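Please read these numbers as outputs of a predicted model, since none were measured by experiment.
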Amino acid sequence: MSAKKNKGFNSLVMLATLAMLIALEVVLSRLIAPINTQFSKISFAFVPVVVASYLYGIKGGAVVAGLGDVIGAVLFPSGEFFPGFTVTAILNGIIFGLFLGKKTDGKLNPFLRSFIPVMITQILGSFLLNTFWISYIYHSSFSALLATRLVQTVVMIAVEAVVIPVFTQSFSKIRSVKMLRN
């Protein structure tokens with residue numbers, strides 16, 4: 001197969017993979033969230049974003065996170081759509097892509113490679129930025145919301161710090177995943 005045909009094939013495979021990951025992100029964030037209250041959410045919606053980030057880097061993570069958030073908000077609204085949450089989601093995808101993408105293979109200790117983005121996305125994204133968006137939307141006290149969202153952040157740091165290394169270590173051994181990354 002020529003390089004041009006191969007590139008087109010990979011683009012089609014990438015498009016299909018990203019579409020599947022977006023759909024999975026919507027399902028995990030909107031339909032199968034074990035804990036979902038007005039101010040806190042604990043779910044496994046980060047998994048498709050992590051997979052996209054691992055496979056396709058910054059762009060893949062950002063696309064899955066951003067489109068997953070928008071499509072989820074349109075199809076399964078849980079209040080008024082607010083673009084601030086989409087910005088946070090895209091930033092999270094970018095951060096995961098920076099650390100988990102192919103360009104960082106072997107440059108960081110595998111634990112740090114997954115733990116650093118977890119800490120950044122959970123503390124800066126979820127704990128601070130999303131709490132700010134919630135306080136803005138509901139005209140609530142930012143500091144009071146921080147106290148209620150601290151438990152969610154700690155739980156999600158623990159969950160992500162365990163799940164992400166398992167995924168990335170497993171992916172590095174699967175031949176078909178290696179083919180998707182190229």
Side-chain angles (χ1 to χ4, degrees), residues 1-34 36 41-78 80-108 110 113-114 116-118 120-122 124-126 129-130 133 156 159-160 163-182:
M1 199 182 285
S2 74
K4 190 172 186 173
K5 285 184 182 178
N6 191 24
K7 184 177 180 188
F9 174 74
N10 285 339
S11 297
L12 185 59
V13 170
M14 180 175 67
L15 183 63
T17 303
L18 290 174
M20 180 194 64
L21 291 170
I22 291 167
L24 186 59
E25 195 279 339
V26 170
V27 168
L28 290 174
S29 68
R30 304 293 174 156
L31 302 176
I32 308 176
N36 192 5
K41 179 161 64 171
I42 295 174
S43 77
F44 289 96
F46 66 92
V47 172
V49 176
V50 166
V51 172
S53 298
Y54 180 83
L55 293 174
Y56 305 116
I58 295 168
K59 291 177 186 174
V63 165
V64 169
L67 287 177
D69 184 71
V70 170
I71 292 169
V74 169
L75 294 178
F76 306 102
S78 59
E80 201 174 308
F81 174 75
F82 185 73
F85 295 117
T86 305
V87 169
T88 303
I90 292 169
L91 289 173
N92 288 346
I94 290 170
I95 291 165
F96 278 123
L98 281 171
F99 285 90
L100 300 177
K102 190 165 63 169
K103 292 180 181 177
T104 59
D105 282 348
K107 293 182 181 175
L108 274 177
R113 187 174 176 212
S114 57
I116 292 171
V118 167
I120 294 170
T121 59
Q122 283 301 312
L124 292 178
S126 180
L129 198 51
N130 280 350
W133 300 136
M156 288 307 298
V159 168
E160 289 182 15
V163 171
I164 292 172
V166 169
F167 269 94
T168 56
Q169 290 299 316
S170 299
F171 285 163
S172 67
K173 297 174 185 169
I174 300 172
R175 184 171 176 240
S176 59
V177 171
K178 290 178 185 177
M179 289 171 45
L180 286 172
R181 286 185 93 182
N182 293 329

Applying side chain to side chain contact (heavy atoms under 4.5 Å, CB included), name anything that partners [X], two or more places apart in sequence or on another chain.
X: Thr168; result: Tyr54, Leu100, Ile164
X: Val63; result: Ile22, Leu67
X: Ala45; result: Glu25, Leu28, Ser29, Ser43

task: With sequence neighbours excluded, tell me which residues meet ring pair (Phe, Tyr, Trp, His ring centres under 6.0 Å) with Phe76.
output: none

- request: Apply the test side-chain contact (heavy atoms from CB on, under 4.5 Å) to residues Leu129 and Leu124: give CA-CA distance (whole Å), side-chain angles for both, the deciding distance (0.1 Å), then the verdict.
  value: CA-CA 6 Å; Leu129 198 51; Leu124 292 178; over 6 Å; no

task: Kindly compute the distance separating CZ (Phe99) from CD1 (Ile120), expressed to the nearest 0.5 Å.
output: 4.0 Å

- prompt: Between atom CG of Leu31 and atom CG of Leu75, what is the distance when rounded to the nearest 0.5 Å?
  reply: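 One gets 9.0 Å once the value is rounded to the nearest 0.5 Å.
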
message: Restricting to non-hydrogen atoms, name the atom on Tyr56 and the atom on Val13 that form the minimum distance, rounded to 0.1 Å.
response: OH-O, 4.3 Å

message: I'd like to check Val159 versus Phe44 (side-chain heavy atoms, cut-off strictly below 4.5 Å). Are they in contact?
response: yes

query: Do Thr121 and Phe46 have side chains that get closer than 4.5 Å, going by heavy atoms?
result: no

Can you give the donor-acceptor pairs under 3.5 Å from side chains of residues 86-95 to other protein atoms, not counting sequence neighbours?
unit_1: Thr86; atom_1: OG1; unit_2: Asp69; atom_2: OD2; d: 2.4
unit_1: Thr88; atom_1: OG1; unit_2: Gly84; atom_2: O; d: 3.2
unit_1: Thr88; atom_1: OG1; unit_2: Asn130; atom_2: OD1; d: 3.0
unit_1: Thr88; atom_1: OG1; unit_2: Trp133; atom_2: NE1; d: 2.9

Contact list for residues 42-60, test salt bridge (charged side-chain N to carboxylate O under 4.0 Å, His left out), sequence neighbours left out: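 Qualifying pairs: none.
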
